[in-house]
Structure formats: structure tokens, C-alpha cells
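My structure is below; once you've seen it, I'll send some questions.
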Amino acid sequence: SAARRRLAANARERRRMQGLNTAFDRLRRVVPQWGQDKKLSKYETLQMALSYIMALTRILAEAERFGSERDWSSLHCEHFGRDHYLAFAGAKLQGDGEPYGPRLFGFQPEPFPMAS
DNA sequence: TAGGCCATCTGGTCCT
DNA sequence: AGGACCAGATGGCCTA
């Protein structure tokens, strides 16, 4: 019947969205979360993934420029220091033993326009 | 209580 | 035809 097909379609859609959400969870686990007590929203997860990828891409580009260099830590200290990157808007800057913190992979919730 | 985030239902569109 | 994908509507839950 029609009602039966509707229910089946609802169940498929539910499963589809659940698959999407497990994908979001897997993404949350590999995206930086420093100083975030609660889990990132879907939108925040995507934005953080974007800035994370950008930052890593940037690091790769730097590494390529210094391709023949041997001492990685000197590169790290020289070029990825805290003040070379945008300040992290919302995060509390606790404990500063962390060289790669929010300042490096900063996601800024505000400046991104939702629509264009 | 308003706003943010979310899950679900639903009908439309496109693909197989 | 039937499934996948999508966006709009709706209601629940939580927090400032």
C-alpha cells in the first residue's frame, strides 16, 4: 500500500541520515577540538575540517620549500610559532605546553557567512 | 522564553 | 518502478 511504502521510505531516509551522522562523528574524531568541552556541531565540524586542511596544506607547502633541510624542529620553532597565526576567537587559552593549538588551526565561528 | 542544534517526516527530483 | 538525494516543515531538547 501507499502507507506501507511511505513508512519504508521514512526508514530508508532515517538510515541514510544516520549514516551521514556516523560520518560526521568520524570526522569529529580527527578534527582538532582543543579546549572544547562539548562536541562540535555539524557546521562547526565542517568549518574546523576546512581550516585544519588549510593549515596542514600550508605546513606541507612550507615543508616542501624546506625540502632538503634536515632539522625539522628548527623549522617548526621558526615558522609555526604562536604569533604567526590568527588568534582563536572563542577558545580559552589554557595550559600553553601545546605548540599546535587553536591558534594554529583556528576555526572562527563568527566570520563565516552561512549564505551567499 | 528565544535561539541553536538536531531528528524525523514528507514530497519532489534525479538516477538505476 | 523503486531507491538515493535533497530541502522544507515541524517538534523536542538544551542553554543563556
Side-chain angles (χ1 to χ4, degrees):
Chain A
S1 72
R4 191 59 218 165
R5 278 194 293 103
R6 236 307 128 195
L7 258 58
N10 290 351
R12 276 198 311 274
E13 176 68 5
R14 223 177 302 128
R15 271 188 287 106
R16 194 183 71 87
M17 292 310 272
Q18 282 162 9
L20 187 65
N21 287 332
T22 74
F24 263 104
D25 284 333
R26 292 172 58 189
L27 186 57
R28 273 190 197 96
R29 297 176 57 120
V30 301
V31 130
Q33 268 184 331
W34 301 282
Q36 205 72 39
D37 41 343
K38 48 201 174 305
K39 78 173 193 179
L40 299 172
S41 74
K42 295 177 178 179
Y43 174 74
E44 288 169 335
T45 302
L46 290 180
Q47 294 303 326
M48 182 57 88
L50 180 58
S51 55
Y52 189 43
I53 289 171
M54 302 287 231
L56 294 182
T57 298
R58 189 183 145 76
I59 288 175
L60 278 185
E62 291 292 323
E64 201 147 309
R65 286 187 54 237
F66 290 80
S68 52
E69 292 293 334
R70 294 191 90 279
D71 191 356
W72 248 94
S73 57
S74 75
L75 171 84
H76 149 289
C77 289
E78 196 175 336
H79 296 276
F80 301 128
R82 61 170 71 263
D83 294 320
H84 283 80
Y85 296 88
L86 349 128
F88 190 58
K92 33 196 183 277
L93 19 142
Q94 97 264 33
D96 273 289
E98 191 67 66
Y100 301 106
R103 294 166 182 276
L104 181 50
F105 308 109
F107 157 62
Q108 309 87 337
E110 279 309 330
F112 286 97
M114 290 291 275
S116 59

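Every chain is numbered from 1, with letters handed out A, B, ... down the list of sequences. Just so we're clear, the structure is a prediction, and the values are computed from it rather than from any experiment.
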Shortest non-hydrogen contact from A:Thr45 toward A:Val31: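 That closest heavy-atom pairing would be O-CG2, 4.4 Å.
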Going by side chain to side chain contact (heavy atoms under 4.5 Å, CB included), name the residues that satisfy it together with A:Arg26, two or more places apart in sequence or in a different chain.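 Expected list: none.
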Applying side chain to side chain donor-acceptor pair (under 3.5 Å), can you list everything that pairs with A:Lys39, at least two apart in sequence or on another chain?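 Result, side chain to side chain donor-acceptor pair (under 3.5 Å) vs A:Lys39: none returned.
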Just to be sure I understand the geometry, which residues of residues 14-31 of chain A put a non-hydrogen atom under 4.0 Å away from DNA chain C?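 A:Arg16, in order of number.
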Where do A:Leu40 and A:Pro32 come nearest, in terms of heavy atoms and distance?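 Smallest heavy-atom distance, with atoms named: CD1-O, 4.2 Å.
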Taking only heavy atoms on the protein side, list every residue of residues 6-13 of chain A lying under 4.0 Å from any atom of DNA chain B, sorted numerically.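 Contacting residues: A:Arg6, A:Asn10, A:Glu13.
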Please check if the side chain of A:Glu44 supplies one atom and the backbone of A:Ser41 the other of a donor-acceptor pair under 3.5 Å.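 Checked: pair present.
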Between the protein and nucleotides 11-16 of chain C, are there any N/O to N/O pairs under 3.5 Å, and if so, what are the atom names and distances?
none

Quick one: list whatever passes salt bridge (charged side-chain N to carboxylate O under 4.0 Å, His left out) with A:Arg16, sequence neighbours left out.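 Once residues adjacent in sequence are excluded, the partners of A:Arg16 under the salt bridge (charged side-chain N to carboxylate O under 4.0 Å, His left out) criterion are A:Glu13.
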For A:Arg6, enumerate each residue passing the side chain to side chain donor-acceptor pair (under 3.5 Å) test, keeping only those at least two apart in sequence or located in another chain.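 Testing A:Arg6 for side chain to side chain donor-acceptor pair (under 3.5 Å), a comparison that skips the adjacent residues, returns A:Asn10.
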Quick one, A:Lys42 and A:Arg28 - any side-chain contact, counting heavy atoms below 4.5 Å?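 Side chain of A:Lys42 against side chain of A:Arg28, heavy atoms only: contact under 4.5 Å found.
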Hydrophobic cluster membership, with links at side-chain heavy-atom distances under 4.5 Å among I/L/V/M/F/W/Y: are A:Val30 and A:Leu46 in one?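 Yes, it is one cluster - the side chains of A:Val30 and A:Leu46 are joined through contacts under 4.5 Å.
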Leading and trailing nucleotides of DNA chain B with any atom under 4.0 Å from heavy atoms of chain A: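 Here the contact window of chain A covers B:dC5 to B:dG11.
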Taking only residues two or more places apart in sequence or in another chain, which ones pass side chain to side chain contact (heavy atoms under 4.5 Å, CB included) with A:Leu20?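 For A:Leu20 the side chain to side chain contact (heavy atoms under 4.5 Å, CB included) partners, ignoring immediate neighbours, are A:Met17, A:Phe24.
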With sequence neighbours left out, what residues match A:Ser1 under side chain to side chain contact (heavy atoms under 4.5 Å, CB included)?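 Only A:Ala3, A:Arg4 meet the side chain to side chain contact (heavy atoms under 4.5 Å, CB included) criterion with A:Ser1.
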